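The structure under discussion appears below in the form of structure tokens.
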Amino acid sequence: MLDLKFIRENPEIVKQAVRDKNEKADVDEILKLDEERRKLLSEAEALKAQRNKASQEIGKLKKEGKNADEAIAKMKEVSERIKELDEREKKVEAKLKELLLWVPNIPHESVPRGKDETDNVEVRRWLPEGFNFEKKPFVKDHLELGKSLKILDFERGAKISGSGFPVYVGKGATLERALINFMLNYHIANHGYTEIFPPFLVNSDSMRATGQIPKLRDDMYYAEKDDLFPIPTAEVPVTNLHRNEILTEDELPIQYVAYSACFRREAGSYGRESKGFLRVHQFNKVEMVKLVKPETSYDELEKIVSDAEDILKALNIPYRVLLLSTGDLSFSAAKCYDLETWSPAENKWLEASSCSNFEDFQARRANIKYRDSQTKKLKFVHTLNGSGLATSRLMVSLLENNQTEDGKIIIPEPLRAYAGFDVIE
RNA sequence: GGAGGGGUGGCAGAGUGGUUGAAUGCACCGGUCUUGAAAACCGGCGUGUCUUUACGGGCACCGGGGGUUCGAAUCCCUCCCCCUCCGCCA
């Protein structure tokens, strides 16, 4: 959420952001409601001041045993008028708040302006020793590998839950678990994160705070009976850990890493990159979340990207880093890098991580502040998160890049101790 | 799911309709004292919002929402959360 005062003072910047992000929030309507609300407020508050004063007088009169009927009758009228104004003000405010939730965050000045993902900018790429993009003739895709090695079962997943719910079998299941543990331990040991194991179902306040609702509501699963949402990412519960809290400056930066299953309806995306692991309704992800002081958040963003890259380097997986253009930038983000891993079978890059700085956009919704030691004032923290990483897309690259001519999978060295085997055959 | 108890400022904890935004203690900040520190003493110390060039002023907030009243932390309704006991259960 943006600061209403900021919108009031910089409507053109906000409108530009709405256009750049291909959103359709009605800034003019917001400004109109804002003005109306303030007008109603000042009128109602003047009357309340009058009423408060009179009520004190009445209290005094009664204490002295004097008659206060006249004053009471007069205030009764004033109270009626206040009630009327309050009701109108509340209606306007509710509408205003609803509209505000649809205003996207403003892209950072360093974000390239563009209409969609085709305008994203490749920042760098990293390729293992001796790697080349030439497709070897024996290369199978992850579906074929999963089937021939009996480590992935999409058909039975579809039977028990529907398409997009893969089942990991045998060494496939173990490898998935090894990958998760490796990534968690790596971030804890080398990057200074504290592990969180969060709830996988959260309430609507949490979903609103991180920005999933209202905009992405249809992409979320929902347990109506209990008013709970299965999380689309650990970002939601972990960022919300400190919702409505005032942190001390010396607690910052806070760095959490969390594994969670992630649940996404992916409504309307059928047929689009939906093969196998490329788009699923449930997947596993290790997520990094940071709460930091505003002045450090862009440095922290670079660090979080590099933390995710370290995993890919350790696993020897070819990847590239993209800086998203305004048109591809998510609703809540001010700046975002994607990490894409190479799939030799698909002959293309696959998004495996997304690292974003939300500045104070989420903190404002979640009401997460800290007290600045210099000014003694409360300020909103900046929040960031990055996948470190999502296993499904990563698994595609991992399997495909490590297959041998005779159809085996060589397990990358760092995962062997976790998996307990060196090869899948 | 059933029965009972409870949610007040950073924390602890008073307060049951009329100068209570809220006693008191702790914590915190400034000062006096001290070579320094501690103790003691003095003073300060919530958030949001509206208004004002500014100083300041208004309003709201005692878990959330609604109601009664001239007036609500205090009374009523409703929801949420926490604790204890019972039931069920991985």
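Proteins get letters first, then strands, A, B, ... in listed order; numbering begins at 1 in each. Here the structure is a predicted model, which means the values were calculated and not measured.
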Return the polar atom pairs (N/O with N/O) between nucleotides 51-55 of chain B and the protein under 3.5 Å, or none.
{"residue": "B:rU51", "atom": "OP1", "partner": "A:R38", "partner atom": "NH1", "Å": "2.9"}

For A:Q16, side-chain contact (heavy atoms from CB on, under 4.5 Å) partners two or more places apart: A:R19, A:D20, A:R113

Looking at residues at least two apart in the chain, or sitting in another chain, which of them share a ring-ring contact (aromatic ring centres under 6.0 Å, His included) with A:Y186? A:F182, A:H191

Centroid separation A:H242 to A:Y256 less than 6.0 Å: yes

Side chain of A:L378 (C-beta onward), nearest among B:rC70, B:rC59, B:rG48: B:rG48

For residues 143-175 of chain A, which residue pairs pass the ring pair (Phe, Tyr, Trp, His ring centres under 6.0 Å) check, not counting sequence neighbours? A:F154-A:F277, A:F165-A:H281, A:Y168-A:F277

Contact list for residues 68-117 of chain A, test ring pair (Phe, Tyr, Trp, His ring centres under 6.0 Å), sequence neighbours left out: A:H108-A:Y298

Selection: residues 71-90 of chain A, any non-hydrogen atom under 4.0 Å of RNA chain B: A:I72, A:M75, A:K76, A:S79, A:K83, A:K90

Suppose we screen for ring-ring contact (aromatic ring centres under 6.0 Å, His included). Which residues come up paired with A:F229, at least two apart in sequence or across chains? A:Y222

Polar pairs (N or O, both sides) under 3.5 Å between protein and nucleotides 16-22 of chain B?
{"residue": "B:rG18", "atom": "N2", "partner": "A:S55", "partner atom": "O", "Å": "3.0"}

For A:D119, the side chain to side chain donor-acceptor pair (under 3.5 Å) test, sequence neighbours excluded, returns none

Report the residues that fulfil ring-ring contact (aromatic ring centres under 6.0 Å, His included) with A:Y319, sequence neighbours left out, ordered by chain and then residue number. A:W126

Spacing of the P atoms in B:rC82 and B:rU8 (rounded, Å): 14 Å

Could you list all the salt bridge (Lys or Arg N to Asp or Glu O under 4.0 Å) pairs where at least one residue sits in residues 69-79 of chain A, not counting sequence neighbours? none

Across every strand shown, the nucleotide meeting Watson-Crick or G-U wobble geometry with B:rC59 (both distances under 3.5 Å) is B:rG48

ring-ring contact (aromatic ring centres under 6.0 Å, His included) partners of A:Y259, counting only residues at least two apart: none

